[in-house]
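Some notes on the structure that comes next.
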Amino acid sequence: DLGLYNQLLLWILAMTGTGRGLFVYRYRELPTPKREPHIMSREFMIFSGAMLLAFTALVIILGTSTPIIGRIFRDNPSTVPIAFYNKWSLPLAVGFMFLISIGQLFWWSKMTIERLNQSLIGPVIATVIATVGVILFTPFMASIATPSTASDTLAQASVLGQLSGGMQMVLFLFMSFFALFANLSVMVRIGRGNLRLVGGALSHVGFAILMLGVISSGVMSENVVPAEQAGRPNFVLEAGQTRQAGDWMVTYSGQGVDYLGHPTYFLDWQKGDLQFRTKPVAYESNRGQWIQHPEVRPFLLKDLFVAVSPAAMFESSGTAPGEVVVQRGESLRLGDDSYLVTFDDFDLMGSNMGDPNSTIQIGAKLTVRDLTTDEVQQVMPVYRVEPGGQTISAPVSLSAWDLTFQFMGMSVDTGEIRLVIDGVDVMPADWLVVMAYEKPLISLVWIGFIVLTVGFVVSTYRRATDVVQSRNRV
C-alpha cells in the first residue's frame, strides 16, 4: 500500500465518467451503416483492434482483481504471477501488431486481396530479413530458450510451455518488424502526395519501434553476473568489499542521502579504463513499505540498471532472524567463514506434483562443511504442503555443531529456497543485495514513444484544421 488507492480510484472514476459521458453526448451523431462492413475494410480493422484492446483490458482486470475476489474465499489470497499476463496478453499483442501492420492500407478505401498482396511484398521481404538477422546474430533465441533454473524434475512440466512461449515471442518479433516496414511504406507513399496525412502511419511506426525496444530490452536483458558465475540473478556486497560481477569490479563504498533525505548506497563500478559510481536509493516509507529507486547508467547500445536491497530491508520485512535465500548449486559462508552450506538439489520424496489432493513433501539436500576441520555432514530439511494448503516445516538439527536448519519456502521458477539457520550468524551487519541488469537498445522505447507522439500531434492538427475548414464552408 503506497497510499495511492484514493488517487487511483479517482483516476478510474474520472476516465470512466469522461468516456461514458462523451459516448452519451455524441450517441445521436454516430452514423448507422446501411450494411455490415466488408472484412477487407477499415471499419472491420478498427472493430477488430477495439476488440483486441477490450480482451487485453479484461485480462488485466481479471489478474489485478484476483486478490480482491480471493478475499471472499481466503484470508490471505495470493496474487496472480507475471506469467499469467504474459501467457494471455502475448497472443493478443501478436494480433494487435498484425492489425497495426495492415490497418493503414485500409485508410482510404476498401482493399482487395490482390491489392493487399501487392502492397505487402516489400514489407514482408524486409521483415523476413530483419527477423532472421535478429535470430542469427543476437542472443534473442538463447534468451527465450533459457531453461528454468529450478531442478530438472520440477522444470520438466514447463518445457512445452517454454517452447510455446518462445514461438509466440518469435512471432511477436516478426509482427513488430512487419508493422514497422508496412507503415514505413505507407508513410512514404502518402508523404509524397501530402505530408499532412502521414500522422497515422507515423504513429504506427513509432509504436512498432517502441515494441522492438520492449523486446530487445526485456527479452535480451542480461544479468551482469553470468549464471555460471553466481547461479542467481543478484549478488551480496559487504561494506568496503570489492567483488567481480561479470566483466565489472564492484565496490560497496558507503552511504549518503539524496536531495529528499532518502538514503543512497554508493557502488563503484570499474571495467578496464571505464569507472563510475552509481547511487541507487532504497528507503522505508512512513507506511512501513520499502521503496527502491534504481539508477540507470546509459550507454550507446545498452543501459545498466542497478538496484539495491539493504540489510535493514530484510530485517524489517518480517523474515525470521537467520533467514537466507539460496539457489540450487549455490554455497553460503556462515559465521565469519566458519561453515560452508551448499544447496545441492531438491528431493521430491515420491510426491505426486500433479495431484492437488495429495500431500506434497519436498526436501532440500544440504551439504554442510566445517571450514576449520574440513568435516562434512549432510542434512535435508523438509517442506510439506497439505491438501488444504497448510504448510509444515520442521527444523532439522546437527547436534554435533549446534546448528539447526528449517526449510521455510521455495520458488519453483528460480530454484531458490528460504532457510532459517540457527546457531551461527548468517550475515555481517552492513551488507547489500545488488541487482544489476544490462538492457540492450532500451533507447528504442523512448525513440518509439517520441515518434508515436509526433504522429499523434500531426494527426490531431490535421483533424482539427479539417473540422475548422468544414465549418467555415458551412
Using only atom types and a distance under 3.5 Å, with no angle test, would you say the side chain of [X] pairs donor to acceptor with the backbone of [Y]?
{"X": "Gln168", "Y": "Val170", "result": "no"}
{"X": "Asp258", "Y": "His262", "result": "yes"}
{"X": "Thr264", "Y": "Pro280", "result": "no"}
{"X": "Gln270", "Y": "Trp248", "result": "no"}
{"X": "Asn183", "Y": "Ile100", "result": "yes"}
{"X": "Thr251", "Y": "Thr242", "result": "no"}
{"X": "Thr359", "Y": "Glu386", "result": "no"}
{"X": "Ser253", "Y": "Leu267", "result": "no"}
{"X": "Ser216", "Y": "Gly213", "result": "yes"}

For [X] and [Y], which heavy atoms make the closest approach, and how far apart are they?
{"X": "Pro440", "Y": "Lys302", "value": "CA-CB, 3.6 Å"}
{"X": "Ala436", "Y": "Leu304", "value": "CB-CD1, 4.4 Å"}
{"X": "Ala282", "Y": "Tyr265", "value": "O-CE1, 3.7 Å"}
{"X": "Glu438", "Y": "Val224", "value": "CG-CG1, 3.8 Å"}
{"X": "Ser217", "Y": "Ser221", "value": "O-CB, 3.1 Å"}

Worksheet item: Using 30° and 60° as the class limits, which term best fits the ring planes of Phe96 and Phe207: parallel, tilted or perpendicular?
Response: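 Rings of Phe96 and Phe207: perpendicular, over 60°.
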Worksheet entry | Working for side chain to side chain donor-acceptor pair (under 3.5 Å), residues Gln292 and Ser309 | CA-CA 8 Å; Gln292 296 169 285; Ser309 300; 2.9 Å; yes
Non-hydrogen side-chain atoms of [X] and [Y] separated by less than 4.5 Å:
{"X": "Val368", "Y": "Val379", "answer": "yes"}
{"X": "His293", "Y": "Tyr283", "answer": "yes"}
{"X": "Leu237", "Y": "Val250", "answer": "yes"}
{"X": "Arg384", "Y": "Ile360", "answer": "no"}
{"X": "Pro381", "Y": "Met408", "answer": "no"}
{"X": "Val382", "Y": "Phe407", "answer": "no"}
{"X": "Phe178", "Y": "Pro123", "answer": "yes"}
{"X": "Met211", "Y": "Met97", "answer": "yes"}

Item to complete: Kindly indicate, with the supporting measurements, whether the criterion side-chain contact (heavy atoms from CB on, under 4.5 Å) is fulfilled by Val205 and Leu180.
Response: CA-CA 5 Å; Val205 168; Leu180 173 64; 3.8 Å; yes
Roughly how far, to the nearest 0.5 Å, is the [atom2] atom of [Y] from the [atom1] atom of [X]?
{"X": "Ser48", "Y": "Ile102", "atom1": "OG", "atom2": "CD1", "result": "8.5 Å"}
{"X": "Leu173", "Y": "Met169", "atom1": "CG", "atom2": "CE", "result": "9.0 Å"}
{"X": "Met380", "Y": "Leu366", "atom1": "CE", "atom2": "CG", "result": "9.5 Å"}
{"X": "Ile362", "Y": "Tyr383", "atom1": "CD1", "atom2": "OH", "result": "8.5 Å"}
{"X": "Leu58", "Y": "Leu62", "atom1": "CG", "atom2": "CG", "result": "4.5 Å"}
{"X": "Leu99", "Y": "Met51", "atom1": "CG", "atom2": "CE", "result": "12.0 Å"}

Discussion item. If you apply the rule salt bridge (charged side-chain N to carboxylate O under 4.0 Å, His left out), what do you find for Asp344 with Arg328, and how did you get there?
Written reply: CA-CA 6 Å; Asp344 297 317; Arg328 184 175 65 97; over 6 Å; no
Can you confirm whether more than 12 heavy atoms, excluding those of [X], are under 6.0 Å from its [atom1] atom?
{"X": "Phe47", "atom1": "CZ", "result": "no"}
{"X": "Tyr252", "atom1": "OH", "result": "yes"}
{"X": "Tyr85", "atom1": "OH", "result": "yes"}

Is it true that [X] and [Y] make a salt bridge, defined as a side-chain N closer than 4.0 Å to a carboxylate O?
{"X": "Asp303", "Y": "Arg297", "answer": "no"}
{"X": "Glu416", "Y": "Arg418", "answer": "no"}
{"X": "Asp268", "Y": "Arg277", "answer": "yes"}

Item to complete: List the steps and the verdict of ring-ring contact (aromatic ring centres under 6.0 Å, His included) for Phe343 and Phe346.
Response: CA-CA 8 Å; Phe343 172 31; Phe346 292 99; 5.2 Å; yes
Worksheet entry | Pair Thr342, Thr367: side-chain N/O donor-acceptor within cut-off below 3.5 Å | no
Fill in: Worked check of side-chain contact (heavy atoms from CB on, under 4.5 Å) between Thr453 and Val451
CA-CA 5 Å; Thr453 303; Val451 174; over 6 Å; no
Practice prompt. Verify side chain to side chain donor-acceptor pair (under 3.5 Å) between Thr278 and Trp269, making sure each step is shown before the conclusion.
Written response: CA-CA 8 Å; Thr278 58; Trp269 299 76; 2.9 Å; yes
Worksheet item: Do Ile421 and Thr404 pass the side-chain contact (heavy atoms from CB on, under 4.5 Å) test, and can you show the C-alpha distance, the side-chain angles, and the key distance before you say yes or no?
Response: CA-CA 6 Å; Ile421 304 175; Thr404 302; over 6 Å; no
Discussion item. Before you tell me yes or no, could you show the steps for Trp401 and Tyr339 under ring-ring contact (aromatic ring centres under 6.0 Å, His included), namely the whole-Å CA-CA distance, both residues' side-chain angles and the distance that decides it to 0.1 Å?
Written reply: CA-CA 10 Å; Trp401 294 344; Tyr339 300 97; 5.6 Å; yes
Worksheet entry | Worked verdict on Leu30 versus Phe23 for side-chain contact (heavy atoms from CB on, under 4.5 Å) | CA-CA 9 Å; Leu30 296 177; Phe23 175 77; 4.0 Å; yes
